[in-house]
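Below is one structure, written out as structure tokens; the observations come after it.
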Amino acid sequence: MIFQRALRRELVSVAGATFTVLFSISVTWTLITILGKAAGGKVASSDVVALIVFAALNYLPTIVILTSFISVLMVVTRSYRDSEMVVWFASGLSLTRWIAPVLSFGLPMVLLTAVLSLVATPWAKHKSSEYVERFEKREDLQKVAPGQFKESASSNRIFFVEGVSGKTAVVQNVFVNTVDEHGTAVIVAKEGVITADAKGQRFLVLKNGRRYQGVPGQADFQTMEFERYSMRVASKTQDIESEIDVAGMATPALFEQPTNDTRAELLWRLASPLTCLVLVLLAIPLGFVNPRASSSANLIIALLIFFTYSNLVKLVEASVKQGRFSFALSWWPLHLLVGLVVLLLFFWRLNVNHRYHPLVLLASFKRPRAAKEAVAK
């Protein structure tokens with residue numbers, strides 16, 4: 001019991017440090033990406049914080065899986081490096097005695113991964129799509145940030161405003177460049193406001209400005225001064241139904257719609273907790289390291305295994321989406337294969353008579369040193 005409590009305490013400590021590092025990296029990368037989109041006018045500046053939270057929830061299942069795998073691996077590796085495993089094996093204890101305390105740490109992580117992948121991540125993707133879609137459906141002028149050029153939804157008009165008056169739709173010092181069959185029209189005005197007519201159509205009403213109409217390169221430009229000028233503001237149709245986003249659908253809805261896309265998404269969600277469970281067990285026999293060598297090789301191998309495993313899951317998911325494999329015969333064979341690899345590694349570590357068993361290797365490394373000390377005496 002003392003060993004199990006100490007092991008769980010060490011696992012939690014290592015997991016906390018590992019999760020902090022991985023989560024900080026992912027949030028920083030997400031922050032840079034979303035700020036770039038906000039600067040480019042692809043998302044609203046007021047939605048940046050919410051989009052970062054949603055993106056962080058999307059990354060959490062992968063971070064939790066990698067945290068669990070690395071934490072168990074690092075603790076087992078430290079035990080080999082500090083020669084604690086030599087005492088463990090010499091006392092007649094088996095490597096399988098590590099399974100129970102490791103599972104007491106890993107099963108809550110597996111449950112957390114299942115909740116995130118089946119509930120939290122789909123909700124975050126759905127809300128993120130709603131925020132982006134809501135921004136895309138806004139009027140052209142409402143998308144414009146002060147001091148920023150913005151292209152209209154019809155791609156034939158460019159807006160620029162110098163300032164916005166409070167939280168209303170009033171903008172100041174407006175520049176509008178329109179290209180149509182009549183040539184190029186440039187409109188500048190001191191003030192503009194968005195209004196709606198009786199039919200619900202939206203118009204930008206400009207006040208106290210000028211309009212220049214003509215063909216670039218020719219001298220027959222027309223100039224007009226106005227006190228009030230109305231132009232229709234293009235916006236995406238509000239009543240058009242959005243395409244079904246499978247990634248943002250709730251898990252029960254995936255069962256109700258048996259299509260290739262929904263089955264592939266369901267396969268990916270179910271794979272996350274299974275991957276977490278298998279990798280936690282794999283870390284126990286994989287944690288062997290030569291005490292005289294560096295322990296970084298184990299971490300590199302662990303990362304390669306994790307990314308290979310994830311890519312294979314994505315490959316199976318793509319096969320199901322394309323209809324080449326059925327869902328019933330695709331969601332379990334890969335995890336079963338990795339589970340068999342875990343059993344083989346445990347069997348190899350438990351075979352103490354094998355020439356490459358960790359205990360034999362550790363003893364062989366200690367014999368030359370003991371001989372040198374005896375000769376010196």
Any side chain to side chain donor-acceptor pair (under 3.5 Å) involving residues 118-129? Give me the pairs, sequence neighbours left out, ordered by first then second residue.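 Found His126-Glu130, Lys127-Glu130, Ser129-Asp245.
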Test: side chain to side chain donor-acceptor pair (under 3.5 Å). Region: residues 307-316. Which pairs qualify, not counting sequence neighbours?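 Sorted result for residues 307-316: Tyr309-His335, Lys314-Glu317.
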List in chain and number order the residues that pass salt bridge (Lys or Arg N to Asp or Glu O under 4.0 Å) with Glu256, two or more places apart in sequence or in another chain; answer none if no residue qualifies.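 Once residues adjacent in sequence are excluded, Glu256 has no partner under the salt bridge (Lys or Arg N to Asp or Glu O under 4.0 Å) criterion.
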Who passes salt bridge (Lys or Arg N to Asp or Glu O under 4.0 Å) against Arg211, sequence neighbours left out?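 Counting only residues at least two positions away or on another chain, Arg211 forms no salt bridge (Lys or Arg N to Asp or Glu O under 4.0 Å).
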Output every pair passing salt bridge (Lys or Arg N to Asp or Glu O under 4.0 Å) with a member in residues 93-121, not counting sequence neighbours, ordered by first then second residue.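 Output for this query is empty, none listed.
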Please, which pairs that meet salt bridge (Lys or Arg N to Asp or Glu O under 4.0 Å) have at least one residue in residues 10-28, sequence neighbours excluded?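 Listed once each, the pairs are Glu10-Arg78.
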Over all heavy atoms of both residues, which pair between Ser68 and Cys276 is shortest? Give the atoms and the distance, please.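 Ser68 and Cys276 have their closest heavy atoms at OG-SG, 3.9 Å.
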Closest non-hydrogen atom pair, Leu11 against Val102: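 Taking Leu11 first and Val102 second, the nearest heavy atoms are CD1-CA, 4.4 Å.
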Got a sec, which residues hit side-chain contact (heavy atoms from CB on, under 4.5 Å) with Ser79, two or more places apart in sequence or on another chain?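 side-chain contact (heavy atoms from CB on, under 4.5 Å) check on Ser79 returns Glu84, Met85, Trp98.
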Not counting sequence neighbours, which residues clear side chain to side chain donor-acceptor pair (under 3.5 Å) with [X]? List them please.
{"X": "Ser94", "answer": "Thr96"}
{"X": "Ser230", "answer": "none"}
{"X": "Thr262", "answer": "Thr259"}

Parallel, tilted or perpendicular, as decided by the 30° and 60° cut-offs, for the rings of Phe226 and Tyr229: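 Because their plane-to-plane angle lies in the 30° to 60° range, the rings of Tyr229 and Phe226 count as tilted.
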Between CG of Leu279 and CZ of Phe306, what distance do you get to the nearest 0.5 Å?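 Nearest 0.5 Å value for the CG-CZ distance: 7.5 Å.
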Flag, side chain of Thr77 to backbone of Gly287, donor-acceptor distance under 3.5 Å: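 Confirmed, Thr77 side chain pairs with Gly287 backbone.
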Residues sharing Leu340's hydrophobic cluster, by side-chain heavy-atom contacts under 4.5 Å among ILVMFWY, directly or via others?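 Besides Leu340, the hydrophobic cluster comprises Leu343, listed by chain and residue number.
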Run through the side-chain heavy atoms of Ile, Leu, Val, Met, Phe, Trp and Tyr, join any pair under 4.5 Å, and report what else lands in Ile25's cluster.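 Listed partners: Val21.
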